[in-house]
Asker: 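Below: one structure in structure tokens.
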Amino acid sequence: MDIIELQDEMSTGEKSSRAIIESYLDRIRRYDEQGPKINSIIELNPEAITAADSLDKERKEKGPRGPFHGIPILIKANIDTADKMATTAGSLALKGSIASQDAFLVKRLREAGAIILGKTNLSEWANMRSNRSTSGWSSRGGLTRNPYVLDRNPSGSSSGSAAAVAANFCAAAIGTETDGSIVSPASANSVVGLKPSLGLISRSGIIPIAHSQDTAGPLTRTVEDAAIMLSVLTGPDPRDPITQEGSVKGRTDYSEFLDKNGLEGARIGVARNFFGSHRMVDQIVESAIKRIKQLGAALIDPANVITRGQFRDSEFEVLLYEFKHDLNEYLAALGPEAKAHSLKEVIEFNEQNKETVMPYFGQEAMLLAEAKGPLTDSVYLEALEKNRILSRDEGIDATLKEHNLDAIIAPTAGLPCLTDLVNGDSHRGGCSSPAAVAGYPHITVPAGYAYGLPVGLSFFGGALQEPALLKFAYAFEQSEKIRRPPEFKSTADI
């Protein structure tokens, strides 16, 4: 059920928030902890039932606060909650670390009446530990499995959030992305993933990788749920100055932009240079293109982002510099229960506990980051400027302007790869980098299935174009309603 359907059942008295949460907890026991053992949840909130009882009482006495009143949400385990749950990024080095205050987005969710049901597993340190990592694995949480095909990888780093939404362990979830960590697992798990514009959602209280690209965002089963969630998550936060800039203005209700006829008259560019990861992926996206044309859009084909791949090295350079700087700031503010208060101490902890922390892959990325200097280094500043020019001015902005486009579409990623703890990930394809590096919005929706494996279709565009992207994605989604629930198959249909 989606958020509105759950809210309707509570409004009519058919269900209470407590009953809904108990149903999800039962499903989690049967499918996440037992049965197919998806292992998407790293920790459940022991106060969730108490919160539900309180919100049920409030509903009877005062009415609902809004569409999120009493709705259970899962959040990624790199997001602070000032409760009985730890914030660890999946690392044993932060086991038992309790935040002193909620992340701003968690505060917004609680104010809206949402219940934090638990925290989801992730690729440890949001995949910023090794260049041979296996997505969905963390030393604290173990391995998350793809609920569609269990031997396939759920992608990452928001692996648990996407898998939990797909497997119906919550109404919706929050993921985080630096480059691909929302949209790629959304595609692999056949859910909607929205990476918003940089600064639209506060970054405070989130274990960082890089402030020039980091953002949180919704993972949901429908575009409407993503719009409802985005409406709650945005807002100015004194702890994150970028959210208070005049150029970054969130909407109070993104659902007002949802329109089944939203593609009529739209100019949509097809970024052909993101095709080619797999013939079946390309066939599914070709069918989606035909459908978009039938819905009244003008297709400009091709409309390539010609700078694709030209900023890969400079992006990684920026991530290394900012990871060291940003993570050191976050860790330095932790309480004494944390076993590490700097990147250097994390590296030392990992080495001292390598049997449990590094049984499958090492910490090459962390070592490279630790060797970097301050953010005043010319190498960093030049790489950052290169990123912005190639992803924005000569990348997405140039493509939109040249073809007078409203949005660009492409396959979100290749087919989910086999999970391989020996060799690490072998993901192919992906169109996440231009929007991620530019700080521009990107939404993916289910487009079909190949061998039982999910395929996603991406819409991305210019800064703060969430209203348009939601409108286009919604129109496509509603035209066919492609998504189907997982069947927990053991292997692909070959």
Side-chain angles (χ1 to χ4, degrees), residues 1-33 40-77 79-87 98-120 161 164-165 167-174 201-202 205 216 218-222 224-235 237 252-255:
M1 300 179 76
D2 61 33
I3 290 170
I4 296 300
E5 289 170 334
L6 289 170
Q7 199 58 241
D8 287 345
E9 291 217 336
M10 287 188 283
S11 295
T12 60
E14 286 185 61
K15 280 193 173 77
S16 63
S17 177
R18 181 187 180 113
I20 290 169
I21 283 184
E22 287 176 340
S23 294
Y24 279 125
L25 290 174
D26 178 64
R27 185 168 174 84
I28 288 166
R29 281 189 291 269
R30 288 187 291 120
Y31 292 92
D32 201 55
E33 299 171 0
S40 65
I41 298 168
I42 209 166
E43 188 171 6
L44 288 169
N45 183 2
E47 300 171 313
I49 294 292
T50 302
D53 288 341
S54 177
L55 286 161
D56 284 336
K57 181 181 178 183
E58 181 182 321
R59 180 188 295 275
K60 290 178 182 178
E61 295 175 350
K62 300 178 182 178
R65 300 182 192 181
F68 263 102
H69 190 108
I71 298 292
I73 304 297
L74 286 167
I75 66 170
K76 194 173 178 180
I79 301 173
D80 285 349
T81 54
D83 50 26
K84 295 181 180 180
M85 292 185 290
T87 304
I98 304 296
S100 60
Q101 60 181 313
D102 283 340
F104 182 77
L105 71 86
V106 173
K107 178 174 175 284
R108 295 280 291 171
L109 284 167
R110 293 198 207 269
E111 289 172 348
I115 298 169
I116 310 303
L117 185 59
K119 293 193 174 184
T120 55
S161 294
V165 170
N168 200 36
F169 300 150
C170 57
I174 302 289
I201 297 175
S202 171
L219 285 154
T220 59
R221 287 186 288 276
T222 68
E224 182 178 33
D225 281 357
I228 292 170
M229 182 170 271
L230 186 63
S231 304
V232 170
L233 297 175
T234 61
D237 174 16
T252 56
D253 184 9
Y254 282 91
S255 62

Asker: How far apart are the closest heavy atoms of Ala172 and Val165, and which atoms are they?
Answerer: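 The pair with the smallest heavy-atom distance is C-CG2, 3.9 Å.
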Asker: Sub-3.5 Å donor-acceptor pair from the side chain of Thr120 to the main-chain atoms of Ser40, do we have one?
Answerer: no
Asker: If I take atom CG from residue Leu55 and atom CZ from residue Phe68, how far apart are they, to the nearest 0.5 angstrom?
Answerer: 13.0 Å
Asker: Any chance you could measure Glu58, atom CD, to Ser17, atom OG, to the nearest 0.5 Å?
Answerer: 11.0 Å
Asker: I'd like to know if the side chain of Gln7 reaches the main chain of Pro67, judged simply by a donor and an acceptor atom lying under 3.5 Å from each other, with no hydrogens or angles considered.
Answerer: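 Yes; at least one donor-acceptor contact below 3.5 Å.
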Asker: Quick one: are Leu25 and Ile49 in side-chain contact, heavy atoms under 4.5 Å?
Answerer: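 In contact.
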Asker: Roughly how far, to the nearest 0.5 Å, is CE of Met10 from NE2 of His69?
Answerer: 7.5 Å
Asker: Working to the nearest 0.5 Å, report the span between CD1 of Ile41 and CD of Glu33.
Answerer: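 With rounding to 0.5 Å, CD1 (Ile41) is 7.5 Å from CD (Glu33).
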Asker: Atom CD1 of Ile75 and atom CD of Glu43: how far apart are they, to the nearest 0.5 Å?
Answerer: 10.0 Å
Asker: What are the two closest heavy atoms between Ala216 and Ile174, and how far apart are they?
Answerer: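 Heavy-atom minimum between the residues: CB-CG2, 4.1 Å.
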Asker: Would you name the heavy atoms of Ile42 and Ala77 that are closest together and state the gap between them?
Answerer: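 Reported closest heavy-atom pair: CG2-CB, 3.8 Å.
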Asker: Determine whether the side chains of Ser202 and Asp237 contain a donor N or O and an acceptor N or O closer than 3.5 Å.
Answerer: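 Note: Ser202 and Asp237 side chains meet the donor-acceptor criterion.
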Asker: Using the salt bridge (Lys or Arg N to Asp or Glu O under 4.0 Å) rule, collect all pairs that involve residues 100-116, keeping only residues at least two apart or in two chains.
Answerer: Asp83-Arg110, Asp102-Arg110, Lys107-Glu111
Asker: Would you say Ile71 and Leu6 make side-chain contact, with heavy atoms under 4.5 Å?
Answerer: yes
Asker: Quick one: closest heavy-atom pair of Pro218 and Ala226, and the distance?
Answerer: CG-O, 3.8 Å
Asker: If you look at every heavy atom in Ile73 and Ala173, which pair is closest and at what distance?
Answerer: CG2-CA, 4.2 Å
Asker: Please check if the side chain of Glu224 supplies one atom and the backbone of Ser255 the other of a donor-acceptor pair under 3.5 Å.
Answerer: no
Asker: Once you round to the nearest 0.5 Å, how far does CG of Leu230 lie from CG of Asp225?
Answerer: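 It comes to 12.5 Å.
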Asker: Does any non-hydrogen side-chain atom of Ile116 lie less than 4.5 Å from one of Met85?
Answerer: yes
Asker: Is a side-chain donor or acceptor of Arg221 paired with a backbone partner of Met1 at a separation under 3.5 angstrom?
Answerer: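 The answer is yes, because a donor-acceptor pair under 3.5 Å joins these two groups.
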Asker: Between Met229 and Leu219, does the side chain to side chain contact (heavy atoms under 4.5 Å, CB included) criterion hold? Intermediate values first, please.
Answerer: CA-CA 9 Å; Met229 182 170 271; Leu219 285 154; over 6 Å; no
Asker: What pairs with Tyr24 under ring pair (Phe, Tyr, Trp, His ring centres under 6.0 Å), at least two apart in sequence or on another chain?
Answerer: none
Asker: Could you tell me whether the side chain of Glu5 and the main chain of Asp2 form a donor-acceptor pair under 3.5 Å?
Answerer: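 Such a contact is found between Glu5 side chain and Asp2 backbone.
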Asker: Give a yes or no answer on whether the side chain of Ser231 reaches the backbone of Tyr254 with a donor-acceptor pair at less than 3.5 Å.
Answerer: yes
Asker: Sub-3.5 Å donor-acceptor pair from the side chain of Lys119 to the main-chain atoms of Ile79, do we have one?
Answerer: yes
Asker: Of the non-hydrogen atoms in Ala112 and Arg65, which two are nearest, and what is the gap between them?
Answerer: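 Heavy-atom minimum between the residues: O-CB, 3.9 Å.
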Asker: Ile28 vs Leu117, test: side chain to side chain contact (heavy atoms under 4.5 Å, CB included). Steps then yes/no.
Answerer: CA-CA 11 Å; Ile28 288 166; Leu117 185 59; 4.1 Å; yes
